[in-house]
Amino acid sequence: MTKSHTLYFGRLYTPLSAGRWLDLPDGALIVGAAGEIAWIGREKEVPQEYSRADVVDRRGRLILPGLVDCHQHLCHYEWVRLVPDLLKWLEAIYEVEAKFADLNHARKVSRLFFHELARNGTTACCVHGPYFPEATDVAFAIAKESGLRILMGMTAGDTGLPDSLLRDPTTLIEDATALCRKWDGKNRGLLSWCFTVRPAYCASESLLRQVAAAAMEQGARIQSHLGENLAGQRQILERFPGCGSEVNLYDETGILTPRTIMAHAIHLSENDFHRLACRRVAVAHCPRANLLSGGAQFSLRTAWMAKLHVGLGTDLGAGKGLSVFRSMEDAIKVTSGLSVHDVFRMGTLGSAAALGLEAEIGSLEAGKSADFVIVRPPCTRPSDCVRLLEIDGLLASLVFHGDDRCIESVCVRGREVFSTHCAEEGLSHDA
Ligand SMILES: [Zn+2]
């Protein structure tokens with residue numbers, strides 16, 4: 001039995017489900033055969049029953065829970081432009097999304113995207129997928145190869161779009177439901193379907209209602225954007241003059257459920273927040289994207305007061321880069337009084353809770369899935385003894401200086417999906 005276990009030595013840091021955090025300078029993490037965390041504690045207290053476990057010695061490194069990204073767009077991966085005006089941004093982004101009608105393009109970008117997620121230490125990600133069913137199918141197949149924990153759906157929109165992206169709502173839902181049946185729960189549960197719908201300036205009432213009904217029937221999640229900017233909100237109120245507010249519209253069409261993740265949630269009233277709380281909707285806080293598209297920010301404190309689950313999203317397209325560490329830094333910049341422990345929790349356990357996965361991932365605790373990253377702390381010299389450094393300083397170095405360059409190894413359910421040794425091999429797939 002013990003041979004099937006792997007014992008990792010290193011400095012362990014993790015938020016805890018019960019609150020606060022755990023810092024073990026001489027830490028030991030034991031991963032079982034099924035990829036679960038069998039035991040966590042101090043090196044000298046490892047139970048005798050694990051004495052024959054395979055040992056991976058990472059003393060001098062930090063072992064952390066895998067980063068969890070609540071909001072991402074696969075199609076925007078290759079597009080890095082700064083276009084603050086919403087309408088001009090949409091014009092450009094529609095062209096980028098239409099390219100996914102070409103499955104070779106879809107395959108190439110999907111490979112790059114999932115490889116880069118892993119390289120940035122992201123073990124779980126909630127992704128707005130391509131517009132087209134064939135391209136979404138390709139993206140799921142590559143997500144499966146990546147070994148990552150991916151929640152994703154085909155992005156649905158049926159109005160206000162160029163002809164290349166226009167679809168009728170009934171066909172959209174039929175395609176989405178077929179893909180949900182094909183992929184939801186696959187790869188030992190690492191893949192999940194998430195019904196994905198454009199904001200209501202690109203979605204009819206019929207589409208919104210059909211998305212809500214299909215998600216309920218399949219027991220699946222829903223994701224969309226909410227209160228991202230005032231121009232979009234104005235368009236929605238013009239298109240649905242009787243709705244009163246964007247939140248009302250989504251609520252009345254059934255989009256707001258305990259399995260819904262809404263990104264941004266910037267331009268909302270206190271009543272809106274209470275409505276979201278009543279429906280137990282989660283919010284993907286995307287501070288980096290918000291800073292780059294005008295600077296208006298989500299009110300984290302109002303959301304916390306309403307007891308909403310809030311995770312972090314990197315939001316490619318509006319945001320730049322895939323590193324959750326960068327979003328942690330930006331979360332500190334836009335909400336005063338947050339500590340590095342607060343934002344690290346938000347980008348791991350907080351995001352896991354937003355995705356309804358907190359019982360399984362987000363922290364290093366016995367019984368959870370062994371989704372973790374091994375990190376070389378930035379700003380340390382080779383002569384520094386990592387176990388003797390203060391944890392606040394180590395964590396701050398990650399939040400303010402961390403990115404893909406400090407990630408050495410990434411494991412999902414106990415299986416290594418990225419290491420600096422295999423980075424070249426991963427990139428060779430892109431050819
Ligand atoms: Zn987005």
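Because the structure is a prediction, the values reported are computed rather than measured. In each ligand, atom 1 is the first atom listed, and ligand 1 is the first ligand listed.
Other residues, nucleotides and ligands contribute at most 12 non-hydrogen atoms within 6.0 Å of the CZ atom of Arg405. By the 6.0 Å contact criterion, NZ on Lys144 is open, its count of non-hydrogen atoms from other residues, nucleotides or ligands being 12 or less.
The Zn ion (ligand 1) lies closest to atom NE2 when only the N/O/S atoms of His71 are considered.
Side chains of Glu78 and Lys99 form no contact here, defined as non-hydrogen atoms less than 4.5 Å apart.
For the ring-ring contact (aromatic ring centres under 6.0 Å, His included) with His71, the lone residue among His76, His225, His285 that qualifies is His225.
Residue Cys286 does not count as close to the Zn ion (ligand 1), with no N, O or S atom under 2.8 Å. Distances from the Zn ion (ligand 1) show that His128 has no N/O/S atom below 2.8 Å. Coordination check, His225 versus the Zn ion (ligand 1): passed, since an N/O/S atom of the residue sits under 2.8 Å. Using a cut-off of 2.8 Å, one finds that Asp315 contributes an N/O/S atom close to the Zn ion (ligand 1).
When ring centroids are compared, Phe298 and His264 stay outside the 6.0 Å threshold.
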